[in-house]
Amino acid sequence: MYSLHAITNSVQNWLNARLSSTWVLIIESLIVIVLAIALFAALGLILVWLERKVAAHMQIRLGPNRLGPAGIFQTSADTLKLILKEGLTPDGADKFLFNFAPFVVMIVAMLLLAPIAFANGFQIWNINIGVLYISAISSLSVIGILIAGWASNNKYSLLGAMRSGAQIVSYELSAGLSILTIVVLTGSLQMTDIVQAQQNGWWIFKGHIPVIIAFIIFIIAATAETNRAPFDLAEAESELTAGFHTEYSGMKFALFFLAEYINIFIVCAIGATLFLGGWMPFHMGNWTQFNHVMDFIPSSIWFFGKTFFLIFLIMWFRWTFPRLRVDQLLNLEWKYLLPVSLFNLLLVTLIAIMNWHF
Amino acid sequence: MFIKEYISEIAKATKSLWTGMKLTGHYFVRPKTVITQQYPDNRDTLKMADRFRGEVTMPHDENNQHACTGCTACELACPNATIKVITKFELTPENKKKKALDTFVYHLDMCTLCGLCVDACPSGAIQMGQNFEHSVYDRSTLTKKLNKPGSKIREGVE
Amino acid sequence: MDTSAIIFYAIAAFTLVMGLMAVTSSKIFRSAIWLLLSMVGIAALYFWMQVEFIAAVQIIVYVGGIVVLIIFSIFLTQQAGTKMPGPSLKRIIASALAALFGLTFSFNLINHYGFSSAASQPFSLSVSDIGVQMLSTTEHGYILPFEVVSLLLLSAMVGCIVIALKPPKENVERTVAAPENITVNITEPEEENVNVNIREPLIITEV
């Protein structure tokens, strides 16, 4: 299979031959930072455009269609507008924390990018606790929201932040448990191991019904953790104006907006890696001919294809389902998702011990 | 039994959610169902709905005749004094004085397009038109005279 | 001093400064945020030592769990946004003495015994090793504390469920029955002369 190892290794060797190890580290970090920021900008523009298009077509509308082909430059123009706008800080706000919160949200989103394998041999940090790292860092994202809600000195912001906190804290449980099912099957927390374990078929096909249930629970929990409809109580427009970012304007608002979409991309990338094989092409057991044909499609296309499929699924939820009430939200988590995923984890453990999976 | 109820509840919920997703998915994969009108582009082919209320008009036939008797029912019906009917007296062939329409003044800038005048008109002389491009540079041009110059009341309309 | 040492001192300084600010800040929410950043600094130290598992657990438990809980309780507190008054002189002196005592105590310890450099080899603990160690029954196994802690958590979970359970059925029936009685009382006409009957509005129109 074609690997990007050759490129990354040649860059490393070229730098090593010329500079000391410290400078190599610094320059490589700079390259990674530039790539990450470029990815963020591109993803922000594309995902916002995609969301508006999907929403429009599900509501029998056309969506943005004036600026460029199919309105693809609409989001760039919107970003330009937001950059030119004044970033207001309310009088009664805690000024430092108010300006600090968007950066917390953004930094957390950036940290989450580290262990994701974008293609064969193309990963920022192949950390040996990959999945645990992700669930640890993503528990930080709630803090940015709480800071923003508190520092705004606005009742809508505070209520939105409280709701968001309760929601993220409780849905993290079932997300974690559904991630654990795959960890149990693979026997490793490392992203590369999880992808390699799906060489002869993705877990969603190999793991029977329990893994499919885990996948569904993961998607529901991921939708809730990114504060998207039908779980968008934290920013419910009809009740709380805009929730925790009511007081934000200009680029500070744009950072929240961007971080929301980056978080969607990241949870979908994790879902694709765990359940749909990451960059691993579609393989069917022992059909070498078929597998060989599939290998011709580059691994990054597989990864982004699967991720965008999951993103589309989440957008589909958003534009179909009405918002839940707070008590319904917590009922769903504590009475349905958590017991089901606990029982499911037990089943998967049984499958893993008895080697019943393919 | 509790477990059975629990599972059937989940199954029902899943089914109803899937019904909703099927509908939006149905629209998503069929771009032809889009009902958006791309307005300035399709100006030539744009056809408004029959019941659309754009402005009050007074249709005239080919002989430059209208059906307005000058009864001022529309003026009375109008909630915000948009219409002012100026009447005059004409001599009938029998040398009798008869009330007739002189000028039908219509202030489009005050009109809420509610259509009460059309409902009130006993002779069907006014209608709601389909034109909706009303922006002008001078406000005074929004005060319109609806009966055409030299027009007369149609024969037989009382 | 190599790069690694510079990073270590930077992280340590960050942690200490944040801890100091958490103690001295007069706004309680800001204190919680400084405490949080101090915890993140400790997690960064664990990452620096390449014990990623401990670092992730530090973030999950302390930052994502305990500090978020603290922030929630601040949210639910009255007048949490107002500035707190400064401490009294007595308290300042007492805390300064306590800090001085702690400093001399630990300085004395370090001065006498120093840091042993026995662990010069880097840790090479994989996650599965930690898991095996947790559940092993051999001499250095942690099976007993692990099981005791899991029992504690289980009892906490059961306690939560018991608290959250609906009240027993008798009470439920009573609350359902009560509104019916009230409605019956209201709709009964008290005076015979009153013609207006809310339940049958059709009769009024006929009369």
Side-chain angles (χ1 to χ4, degrees), chain A residues 20-23 25-26 92-94 96-97 100-101 104 107-108 111 114-115 125 127-147 149-151 153 158-159 161-163 165-166 168-169 172-173 176 183 187-190 193 330-331 334-335 338-339 342, chain C residues 2-4 6-7 21 25 27-37 39-40 43-44 46-47 50-77 80-81 83 123-131 157 160-161 164-166:
Chain A
S20 67
S21 63
T22 307
W23 280 105
L25 189 71
I26 290 172
D94 188 332
F96 172 73
L97 289 181
F100 180 56
V104 173
I107 288 168
V108 168
L111 284 176
W125 188 14
I127 181 172
N128 61 1
I129 52 155
V131 179
L132 187 68
Y133 173 87
I134 282 173
S135 44
I137 299 292
S138 65
S139 72
L140 285 179
S141 68
V142 63
I143 282 160
I145 291 172
L146 289 175
I147 294 177
W150 173 268
N153 192 25
L158 188 63
L159 280 174
M162 296 267 305
R163 285 186 183 186
I168 292 179
V169 167
E172 229 161 52
L173 284 172
V183 174
S188 169
L189 290 164
Q190 205 163 353
D193 289 352
L330 295 178
N331 259 353
W334 295 101
K335 284 192 184 166
L338 192 62
L342 275 172
Chain C
D2 59 344
T3 326
S4 174
I6 291 172
I7 293 173
M21 283 167 83
S25 171
K27 286 181 179 167
I28 190 158
F29 186 73
R30 280 204 180 187
S31 278
I33 298 300
W34 303 139
L35 177 66
L36 179 147
L37 289 178
M39 297 289 187
V40 171
Y46 285 130
F47 273 120
Q50 295 191 322
V51 279
E52 285 95 355
F53 186 77
I54 310 291
V57 169
Q58 160 85 14
I59 288 178
I60 289 178
V61 173
Y62 286 100
V63 181
I66 289 174
V67 175
V68 168
L69 213 64
I70 290 174
I71 289 176
F72 256 86
S73 44
I74 291 172
F75 274 16
L76 297 170
T77 314
K83 245 184 171 181
F123 304 103
S124 61
L125 274 182
S126 69
V127 181
S128 54
D129 286 346
I130 293 173
M157 263 179 95
C160 285
I161 292 167
L165 266 184
K166 276 184 184 170

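Just so it is clear: chains get the letters A, B, ... in the order the sequence lines come, proteins before strands, and each one is counted from 1.
Neither the backbone nor the side chain of C:L69 comes within less than 4.5 Å of any heavy atom of chain A. Proximity to chain A (any heavy atom under 4.5 Å) is restricted, for C:L76, to the side chain, taken from C-beta onward. Within the 4.5 angstrom heavy-atom criterion, no atom of C:Y62 approaches chain A. Residue A:L146 touches chain C through both its backbone and its side chain, counting heavy-atom pairs closer than 4.5 Å.
Remark: A:D193 engages A:S188 in a side-chain hydrogen bond (donor to acceptor under 3.5 Å, both in side chains) (not counting sequence neighbours).
Between C:G64 and A:S139, the closest heavy-atom pair is CA-OG, 3.8 Å. Contact between C:F75 and A:A161 at its shortest, heavy atoms only, is CE2-CB, 4.2 Å.
To the nearest 0.5 Å, atom CZ of residue C:F29 and atom CD1 of residue A:I147 are 5.5 Å apart. Note that CD of C:E52 is 4.5 Å distant from CD1 of A:I127, once rounded to the nearest 0.5 Å. One distance of note links CD1 of C:I71 with CH2 of A:W150; it measures 10.5 Å at 0.5 Å rounding. Here A:L97 contributes atom CG and C:I33 contributes atom CD1; the two are 6.0 Å apart, rounded to the nearest 0.5 Å.
By the 30° and 60° cut-offs, the orientation of the rings of A:F96 relative to C:W34 is tilted.
The candidate from A:I129, A:L25, A:L158 with the greatest count of non-hydrogen atom pairs under 4.5 Å with chain C is A:I129. Considering only heavy-atom pairs separated by less than 4.5 Å from chain C, the leading option among A:N153, A:I143, A:L189 is A:I143. The choice from C:V67, C:V40, C:V61, C:L36 that makes the most heavy-atom pairs within less than 4.5 Å of chain A is C:L36.
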